[in-house]
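Following: one structure in structure tokens, then a few remarks.
These numbers were taken from a predicted model, which means no experiment stands behind them. Sequence positions, counted from 1, serve as the residue numbers for this chain.
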Amino acid sequence: MSNLTAATVKTAGPGKYHDGQGLHLRVTDSGSKSWVLRITVDGRRRDIGLGGWPDVSLADARRKALEHRSVAADGRDPLADKRRTVTPAFRDAAEAVYDANRPRWRSDRHAANWWGSLEKHVFPVIGDTKVDRITQSDVLRVLTPIWTTRPEVARKTRQRIRTIMRWAMAHSYIQFNVAGEAIDGALPPMPRVQSHFRSLPYTEVADALAVVDESGASPSAKLCLRFVVLTAARSGEARNATWDEIDFETCE
């Protein structure tokens, strides 16, 4: 008898939830959810990953579970059959994810950065490796060299690897995400990075204001910037200033 509903799956907290006939939903402390089917083949127990929710819905998980049980009923090993399927290399999986998401990305620059970071940091290490052969150590080999030296790049790179591996989970190529929370303990805390705009030489101020005046910024934004330049006030003070704070009598 099935125990889960689409609503209970959506709201399920950390834990393990049984749906019947060996199918269950695993929810981690971080909230990620994955489907696992437990069956017995030739007297040996098999745990088969069916993908992660919401990419794999409850109905999809039940359909996959039924297919695997049917294979087992014929005396075959569903895991062995699954391994015989064509498993993509990481680069091929990345292309599939890129092609699926590219239409919704409004910025060409974001698309270029997304793919560019993989070409520079990831493909040289695991690009030709089948997704089911990639380990946590492989992911760490990608991230460790840039984790503390280029933290923002490293964070985005990990996020993209995780997204690609989630796609692989949804298509039943892997059982868990090797770029997920399991590697957190091997990565040191990221340093706090504070970036500053370069100072502008006073000889370039007039030209800079001219550029701003020709821009598409609102008149209030242009005047506020000019006020900051002329008074050396902080930007927050200028933006939040009220008329009673301006001494017009002493202004020239």
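No side-chain heavy atom of Val36 sits under 4.5 Å from any side-chain heavy atom of Ile48. Side-chain contact between Ile134 and Ile161: absent, with no pair of heavy atoms (C-beta onward) separated by less than 4.5 Å. Annotation: side chain of Val131 is in contact with side chain of Pro88 (closest heavy-atom distance under 4.5 Å). Residues Leu23 and Gln21 fail the side-chain proximity criterion, which asks for heavy atoms closer than 4.5 Å.
Glu67 and Lys64 are not joined by a salt bridge, as no carboxylate oxygen comes within less than 4.0 angstrom of a charged side-chain nitrogen.
Of all non-hydrogen atoms in Ala61 and Val56, the two that sit nearest each other are N-CG1, 3.7 Å. Scanning both residues, Gln136 and Ala182, for their nearest heavy atoms gives NE2-CB, 2.9 Å. For the residue pair Gly13 and Val27, the shortest heavy atom distance occurs at O-CB, 3.3 Å. Across all non-hydrogen atoms, the minimal contact from Val212 to Lys222 is O-CE, 3.4 Å. Between Pro188 and Thr148, the shortest heavy-atom distance links the atoms CG-CG2, 4.0 Å. In terms of heavy-atom proximity, Ile39 sits nearest to Ala72 at CD1-CB, 4.0 Å.
Annotation: side-chain hydrogen bond (donor to acceptor under 3.5 Å, both in side chains) contacts involving residues 231-240, sequence neighbours excluded, are absent. Applying the salt bridge (charged side-chain N to carboxylate O under 4.0 Å, His left out) test to pairs two or more places apart or on separate chains, none has a residue in residues 173-183. Applying the salt bridge (charged side-chain N to carboxylate O under 4.0 Å, His left out) test to every pair with at least one member in residues 86-105, sequence neighbours left out, gives these pairs: Arg102-Asp108. Pairs passing the side-chain hydrogen bond (donor to acceptor under 3.5 Å, both in side chains) check and including a residue from residues 5-16, sequence neighbours excluded, read Thr5-Thr8.
Formation of a donor-acceptor pair under 3.5 Å by the Arg158 side chain with backbone atoms of Ala179 is found in this model. For the pair Asp19 (side chain) and Leu4 (backbone), a donor-acceptor distance under 3.5 Å is present. Side chain of Thr129 to backbone of Arg133: no donor-acceptor contact under 3.5 angstrom is found. Between the Ser32 side chain and the Thr28 main chain, no donor and acceptor come within less than 3.5 Å of each other.
In summary, of the residues considered (Val142, Ile164, Leu143), a side chain to side chain contact (heavy atoms under 4.5 Å, CB included) with Val122 occurs for Val142 alone.
Note on Val228: it does not cluster hydrophobically with Leu223, by side-chain heavy-atom contacts below 4.5 Å among ILVMFWY residues.
In the hydrophobic clustering, where aliphatic and aromatic side chains (Ile, Leu, Val, Met, Phe, Trp, Tyr) are joined below 4.5 Å either directly or transitively, Val153 groups with Ile146.
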From CA spacing to verdict: side chain to side chain contact (heavy atoms under 4.5 Å, CB included), Ile183, Val178: CA-CA 7 Å; Ile183 64 173; Val178 293; 6.0 Å; no
Working for ring-ring contact (aromatic ring centres under 6.0 Å, His included), residues Tyr17 and Trp35: CA-CA 10 Å; Tyr17 301 84; Trp35 299 103; 9.8 Å; no
Intermediate values then yes/no, side chain to side chain contact (heavy atoms under 4.5 Å, CB included), Leu50 and His68: CA-CA 10 Å; Leu50 304 180; His68 287 310; 3.4 Å; yes
Test side chain to side chain contact (heavy atoms under 4.5 Å, CB included) applied to Arg63 and Leu66, step by step: CA-CA 5 Å; Arg63 175 182 54 77; Leu66 178 60; 5.8 Å; no
Gln175 vs Met169, side chain to side chain contact (heavy atoms under 4.5 Å, CB included): CA-CA, chis, key distance, verdict: CA-CA 6 Å; Gln175 294 190 43; Met169 283 182 61; over 6 Å; no
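Rounding to the nearest 0.5 angstrom, the gap separating the OG1 atom in Thr87 from the OH atom in Tyr173 is 6.5 Å. Rounded to the nearest 0.5 Å, atoms OG (Ser30) and CG (Asp184) are 8.5 Å apart. How far CH2 of Trp147 is from OG1 of Thr149: 11.5 Å, rounded to the nearest 0.5 Å. The distance from atom CH2 of Trp53 to atom OG of Ser34, rounded to the nearest 0.5 Å, is 12.5 Å. Once rounded to the nearest 0.5 Å, the distance linking OG of Ser220 with CZ of Phe227 reads 14.0 Å.
Taking Asp60 as the reference, Ser57 meet the side-chain hydrogen bond (donor to acceptor under 3.5 Å, both in side chains) condition, with sequence neighbours excluded. Listed by chain and residue number, Asp47 satisfy the salt bridge (charged side-chain N to carboxylate O under 4.0 Å, His left out) test with Arg38 (two or more places apart in sequence, or in another chain). Remark: Thr163 pairs with no residue by the side-chain hydrogen bond (donor to acceptor under 3.5 Å, both in side chains) rule, at least two apart or across chains. Under the rule for a side-chain hydrogen bond (donor to acceptor under 3.5 Å, both in side chains), the partners of Arg26 that lie at least two apart in sequence or sit in another chain are His24. For the side-chain contact (heavy atoms from CB on, under 4.5 Å) test, residues two or more places apart in sequence or in another chain that qualify with Ala186 are Leu140. Applying the side-chain hydrogen bond (donor to acceptor under 3.5 Å, both in side chains) test to Arg226 and every residue at least two apart in sequence or in another chain returns Asp213.
At most 12 heavy atoms of other shown residues, nucleotides or ligands fall within 6.0 angstrom of atom CG in Asp29. For Arg160, the CZ atom is densely surrounded, since the number of other residues' heavy atoms within 6.0 Å is greater than 12.
Taking the six-membered ring where the residue is Trp, the centroids of Trp167 and Tyr98 are separated by 6.0 Å or more.
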Determine all donor-acceptor pairs shorter than 3.5 Å in which one atom belongs to a side chain in residues 109-116; sequence neighbours excluded.
{"residue": "Asn113", "atom": "ND2", "partner": "Arg109", "partner atom": "O", "Å": "3.4"}
{"residue": "Trp115", "atom": "NE1", "partner": "Glu119", "partner atom": "OE2", "Å": "3.1"}

